[in-house]
A.B. asks: 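Below: one structure in structure tokens.
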Amino acid sequence: MATTPVVRFTGLVSGIDFDQVIEAMLEIRRQPIVRLQEQRDRLRLQSELWREIQQKLSDLQSAVSSLLNKNQALPFSATSSAPELLRATANNNAVSGSYQVTVKQIATSTRISSGFNGYTLGIGAPVDLNTTLQSQRSILGTVTAGTFTINGVPISVDPAVDTLNDIINRINSRGAGVTASYDAATDTLILISVNTIALGSSADTSNFLQVAGLLGSSQNFDGTNYVRQSTAHLGRMRANVPLQNDNLRVTLSQTTGRFTINGVTITYDASVDSLNSIIQRINRNVPDVQAYYDPMTDKIVLVSKTTGSNSVARADIEGNLLDVLGFLDNGSNARAQVNLGRDAIIQVAGFNNDQDILRSSNTINDVIPGVTLQLLSADPNKTVTVTVGQDKTALKNSIKAFVDKFNAAVSLMYQRLTEKPVENPKTEAEKKVGLLRGDNTLVFVRSTLVREVTTPVSGLPSDLQMLAQIGIRLNNDGTLSIEETKLQAAIESDAGKVFRLFFNDEYGDGVVDATEDGIAVRLKRRLEDWLSSLPVAFGGNSVPKGVIARQPTLLNLRMQDIDRRISELNERIVREEERLRRQFIVLEQQIAHIQQRLGAQISGFNTQA
């Protein structure tokens, strides 16, 4: 609900606008608040400037960290003379040099597909030529009613009435210029014509050509006729209906059962589970194999997820589903087709007495120290040279990144320390200018950074103790400049020596110890100290320990103090306003009383007269 503003009528007796007088007096009282608000605004802008500097130093800290990690700043790399055969990577345990590798054989995975004793078509039974399409359990049972086109001639099909023989006879009698027949050996339809055979039309309303595997078939010429044949046998499984309703050639011995793959038990219920759901269950529960159904061959395929000459164990526990699916090596019906995986075979000159080295994986990391070989293809007649060495480009990039971040931090501090305030600033950016001019903390941080990068590093040879000796010189404004040629020459000459200029790891443990020195080591210690967010007590408050990290917090505490003072002054002004109004009301009343008495006296004089 809106608040109804207070309406005051002042000065009705005296004729003085007391509201205006009170407001003028209070405006004078508000001047300290205005000055405090301006002071608070300056503190807020100073806090933003410190956060900007804090971010630049944090960026520098990240760049410095890469120069403290030899694996990152100066990693080993490996190259292959034949990346189409093998690729190579190296870690910090590698030894520089060249290695001659021959990839004789790559590792492959074991692959098992459905197979049967004396039957090659697949899992499904051949179609019945004299059963209506709709009654077929196989994929033919999914044919839709309508028309399909051969050589521009539409041919009708009604799966509720037509058998496959009916369709064959209809094709042969419609004058489409082709002869259709059924091949019992392959369970396929064959179309023959002296001319090329065109199948399908945008006006087709039946999917018969797709289901029969004719639409995607190739057109072959045998020297006399053009031939198109189903790409898969017509009795193949639907795969998405319960197993007991699908076109299994071998009868299930019971509706429910169990089988194992690599020791993992899979249960099934043929009245509910389809072939697809069984496959999904295998893939979900057996971690080291992948199963899928191939509709082109009407077979299930199991592929080991690991390479090497290891088989995949399979067994029926209850029921005969694996035998029905052709997945047993020697079942009542099944003769699974097993392509056992192979081990990788390589030769590395000088290793294993130049004899073959066998591994179950194409990723080999235990032959050449610190080097991982990734085999991609085999060529027994080709020798691949693997060259291992330190990646000197990475060190150069790390140094350049360090210089960039150092310059960004020092330049910003130099700018804030030397810029003069803008007269009559309008924008916040203009108001920030000069707020940190000559700041003692900032002077200390900047001068310390410059000193740390220009002081010689202890414990190193005299020819490489300073950045200037690798082409990095100090400018007048405290920033650094890189002489690319000199830096590149120093790195090419001895990259490890250059790295030690930043981190002289005397103990070789990759850990910065108390006695160790280096440009990056010094900056690490300084930045960790300055940017530390660990809380410490300060005047009854908790502030970050770091001299840079604490600046925004200290300024915020001052802003909070100003907010309290502003609040107190506002409360005082409210009380002052109430006091003044009471005084003016009394004054009005006194003036009214005086006027009333004067009026009475004047009236008495007039009466006497």
A.B. asks: Taking atom types as modelled and ignoring hydrogens, do the side chains of Ser411 and Asn407 form a donor-acceptor contact shorter than 3.5 angstrom?
C.D. replies: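 Side chains of Ser411 and Asn407: no pair found under 3.5 Å.
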A.B. asks: So with a 6.0 Å cut-off around CZ of Arg111, is the heavy-atom count from everything else above 12?
C.D. replies: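 Atom CZ in Arg111 is not packed in, count stays at 12 or less.
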A.B. asks: Do Thr188 and Gln229 get their side chains close enough for a donor-acceptor pair, meaning under 3.5 Å?
C.D. replies: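 A pair is found: one side chain offers a donor N or O, the other an acceptor, under 3.5 Å apart.
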A.B. asks: One pair to check against side-chain contact (heavy atoms from CB on, under 4.5 Å): Thr363 and Leu373. What are the steps and the verdict?
C.D. replies: CA-CA 6 Å; Thr363 301; Leu373 303 176; over 6 Å; no
A.B. asks: Closer than 4.0 angstrom, basic N to acidic O: yes or no for Lys524 and Glu516?
C.D. replies: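 Salt bridge between Lys524 and Glu516, a charged N being under 4.0 Å from a carboxylate O: no.
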A.B. asks: Return the CG to CG distance between Leu467 and Leu487, rounded to the nearest 0.5 Å.
C.D. replies: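 So the CG of Leu467 and the CG of Leu487 are separated by 10.0 Å.
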A.B. asks: Is it the case that the side chains of Gln72 and Ser66 hold a donor-acceptor pair, with the cut-off being a distance below 3.5 Å and no angle test?
C.D. replies: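 No, no side-chain donor-acceptor contact under 3.5 Å.
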A.B. asks: Heavy-atom distance under 4.5 Å between the side chains of Val403 and Ile472, does that happen here?
C.D. replies: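 A side-chain contact under 4.5 Å exists here.
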A.B. asks: Report the distance from atom CG of Leu531 to atom CZ of Arg526, rounding to the nearest 0.5 Å.
C.D. replies: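 The CZ atom of Arg526 is 13.0 Å from CG of Leu531, to the nearest 0.5 Å.
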A.B. asks: Using side chain to side chain donor-acceptor pair (under 3.5 Å), reason through Asp59 and Gln55 one step at a time and then give a plain yes or no.
C.D. replies: CA-CA 6 Å; Asp59 294 341; Gln55 183 59 54; 2.9 Å; yes
A.B. asks: Nearest 0.5 angstrom please: Ile123 CD1 to Ser114 OG, how far?
C.D. replies: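 One gets 4.0 Å once the value is rounded to the nearest 0.5 Å.
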A.B. asks: Going by the angle between their ring planes, with limits at 30° and 60°, are Phe406 and Phe402 parallel, tilted or perpendicular?
C.D. replies: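 Rings of Phe406 and Phe402: tilted, 30 to 60°.
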A.B. asks: Distance alone, cut at 3.5 Å: any donor-acceptor contact between the side chains of Gln347 and Asp356?
C.D. replies: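 Result is yes, a qualifying pair exists.
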A.B. asks: So, do Leu86 and Leu376 sit near enough that their side-chain heavy atoms are less than 4.5 Å apart?
C.D. replies: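 The answer is no; the side chains never approach within 4.5 Å.
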A.B. asks: Show the nearest heavy-atom pair for residues Tyr268 and Glu318, with the distance to one decimal.
C.D. replies: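 Taking every non-hydrogen atom into account, OH-O, 3.5 Å.
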A.B. asks: Does any donor atom in the side chain of Asn504 or Asp517 lie under 3.5 Å from an acceptor atom in the other side chain?
C.D. replies: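 No - no donor-acceptor pair under 3.5 Å links their side chains.
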A.B. asks: In this structure, are over 12 heavy atoms from other groups packed under 6.0 Å from Phe221 atom CZ?
C.D. replies: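 More than 12 within 6.0 Å, yes.
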A.B. asks: Side chain of Arg314, backbone of Phe327: donor and acceptor closer than 3.5 Å?
C.D. replies: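 The answer is yes, because a donor-acceptor pair under 3.5 Å joins these two groups.
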A.B. asks: For the residue pair Pro369 and Asn93, establish whether any side-chain heavy-atom pair is separated by less than 4.5 Å.
C.D. replies: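 Not in contact.
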A.B. asks: Do Val127 and Gln136 have side chains that get closer than 4.5 Å, going by heavy atoms?
C.D. replies: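 Yes. Closest side-chain heavy atoms under 4.5 Å.
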A.B. asks: Can Arg473 and Glu483 be counted as an ion pair, charged N to O under 4.0 angstrom?
C.D. replies: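 A salt bridge is absent here (no side-chain N lies under 4.0 Å from a carboxylate O).
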A.B. asks: Using a distance-only test with no angle check, is there a side-chain donor-acceptor pair under 3.5 angstrom linking Asn91 and Asn71?
C.D. replies: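 Checked: Asn91/Asn71 side chains show no N/O donor-acceptor pair below 3.5 Å.
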A.B. asks: Assess whether salt bridge (charged side-chain N to carboxylate O under 4.0 Å, His left out) is satisfied between Arg500 and Glu506, documenting all intermediate values.
C.D. replies: CA-CA 9 Å; Arg500 288 195 297 276; Glu506 296 176 355; over 6 Å; no
A.B. asks: Do Ser274 and Asn240 get their side chains close enough for a donor-acceptor pair, meaning under 3.5 Å?
C.D. replies: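 No, no side-chain donor-acceptor pair sits under 3.5 Å.
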A.B. asks: Do Ser113 and Gln337 meet the criterion of a side-chain donor-acceptor pair at a distance under 3.5 Å?
C.D. replies: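 The criterion, which ignores hydrogens and geometry beyond distance, is satisfied for Gln337 and Ser113.
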A.B. asks: Locate the shortest heavy-atom distance separating Ala315 from Leu328; write the atom from each residue and the value.
C.D. replies: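 Looking at all heavy atoms of both residues, the shortest contact is CA-CD2, 4.2 Å.
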A.B. asks: If we ignore angles and hydrogens, is there a donor and acceptor under 3.5 Å between the side chains of Asn320 and Ser253?
C.D. replies: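 Looking only at side-chain atoms, Ser253 and Asn320 do form a donor-acceptor pair, the distance falling under 3.5 Å.
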A.B. asks: Going through the distances and angles, do Arg228 and Ser217 end up as a side chain to side chain donor-acceptor pair (under 3.5 Å)?
C.D. replies: CA-CA 6 Å; Arg228 298 189 72 163; Ser217 63; 3.2 Å; yes
A.B. asks: What pairs of donor and acceptor atoms, side-chain ones from residues 189-197 against any protein atom, are under 3.5 angstrom apart with sequence neighbours left out?
C.D. replies:
from, atom 1, to, atom 2, distance (Å)
Ser193, OG, Gly177, O, 2.8
Ser193, OG, Asn195, N, 3.1
Ser193, OG, Asn195, O, 3.2

A.B. asks: Is Arg522 reaching over with its side chain to a backbone N or O of Thr455, donor-acceptor style, under 3.5 angstrom?
C.D. replies: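 Such a contact is found between Arg522 side chain and Thr455 backbone.
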A.B. asks: Which atoms form the tightest heavy-atom contact between Asp316 and Leu321, and what is the distance?
C.D. replies: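 Closest heavy-atom pair between Asp316 and Leu321: OD1-N, 3.4 Å.
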A.B. asks: When you check the side-chain N and O atoms of Tyr182 and Asp187, is any donor under 3.5 Å from an acceptor?
C.D. replies: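 Judged by distance alone, the side chains do pair up.
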A.B. asks: Please determine whether a side-chain nitrogen of the Lys or Arg among Lys497 and Asp463 lies less than 4.0 Å from a carboxylate oxygen of the Asp or Glu.
C.D. replies: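 The answer is yes: the pair qualifies as a salt bridge.
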A.B. asks: Without hydrogens or angle criteria, can the side chains of Thr149 and Asp204 be said to hold a donor-acceptor pair below 3.5 Å?
C.D. replies: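 Looking only at side-chain atoms, Asp204 and Thr149 do form a donor-acceptor pair, the distance falling under 3.5 Å.
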A.B. asks: I'd like to know if Lys396 and Glu484 make a salt bridge, using a cut-off of under 4.0 Å between side-chain N and carboxylate O.
C.D. replies: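 Salt bridge: yes.
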A.B. asks: Identify, with sequence neighbours excluded, every residue that meets ring pair (Phe, Tyr, Trp, His ring centres under 6.0 Å) alongside Phe208.
C.D. replies: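 Listed in chain order: Phe148.
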A.B. asks: Shortest non-hydrogen contact from Phe502 to Leu67?
C.D. replies: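 Distance-wise, the nearest heavy atoms are CD2-CD1, 3.7 Å.
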A.B. asks: Can Ser80 and Arg87 be counted as having a side-chain donor-acceptor contact under 3.5 angstrom?
C.D. replies: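 No, Arg87 and Ser80 have no side-chain donor paired with an acceptor closer than 3.5 Å.
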A.B. asks: Looking at side-chain heavy atoms only, is the closest gap between Leu234 and Leu164 below 4.5 Å?
C.D. replies: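 They are in contact (side-chain heavy atoms under 4.5 Å apart), so the answer is yes.
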A.B. asks: Please report the shortest heavy-atom distance between Asp391 and Ser77, naming the atom on each side.
C.D. replies: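 Taking Asp391 first and Ser77 second, the nearest heavy atoms are CB-OG, 4.0 Å.
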A.B. asks: Checking the side chain of Asp505 only, and the main-chain atoms of Gly510 only, is there a donor and an acceptor separated by less than 3.5 Å?
C.D. replies: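 Flag set: sc Asp505 to bb Gly510 pair under 3.5 Å.
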A.B. asks: When you compare the side chain of Leu464 with that of Ile470, does any pair of heavy atoms fall below 4.5 Å?
C.D. replies: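 Contact flag for Ile470/Leu464 side chains = yes.
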A.B. asks: Do Tyr293 and Asp298 meet the criterion of a side-chain donor-acceptor pair at a distance under 3.5 Å?
C.D. replies: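 Judged by distance alone, the side chains do pair up.
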A.B. asks: Do Gln465 and Gln469 meet the criterion of a side-chain donor-acceptor pair at a distance under 3.5 Å?
C.D. replies: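 On atom types as modelled, these side chains do not qualify, holding no pair under 3.5 Å.
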A.B. asks: Quick one: which of Val386, Ile357, Thr385, Val371 gives a side-chain contact (heavy atoms from CB on, under 4.5 Å) with Val101?
C.D. replies: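 The passing option is Val386.
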A.B. asks: Are Asp513 and Tyr507 close enough that some pair of their side-chain heavy atoms sits under 4.5 Å apart?
C.D. replies: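 A side-chain contact under 4.5 Å exists here.
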A.B. asks: Measuring only between side-chain heavy atoms, which start at C-beta, is Thr231 closer than 4.5 Å to Leu214?
C.D. replies: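 The answer is no, as the side chains (C-beta and beyond) never meet within the 4.5 Å cut-off.
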A.B. asks: Establish, from distance only, whether the side-chain atoms of Asp269 and Thr256 form a donor-acceptor pair under 3.5 Å.
C.D. replies: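 Per modelled atom types, Asp269 and Thr256 side chains form no pair under 3.5 Å.
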A.B. asks: Could you tell me whether Lys104 and Asp379 have a side-chain N and a carboxylate O separated by less than 4.0 Å?
C.D. replies: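 Answer for the salt bridge query: no.
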A.B. asks: Identify the two heavy atoms, one from Asn362 and one from Ala344, that lie closest to each other, and give their separation to 0.1 Å.
C.D. replies: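 Looking at all heavy atoms of both residues, the shortest contact is OD1-CB, 3.9 Å.
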A.B. asks: Say you draw a straight line from CG of Asp404 to OG1 of Thr479; how long is it, rounded to the nearest 0.5 Å?
C.D. replies: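 Reported to 0.5 Å precision, the distance equals 11.0 Å.
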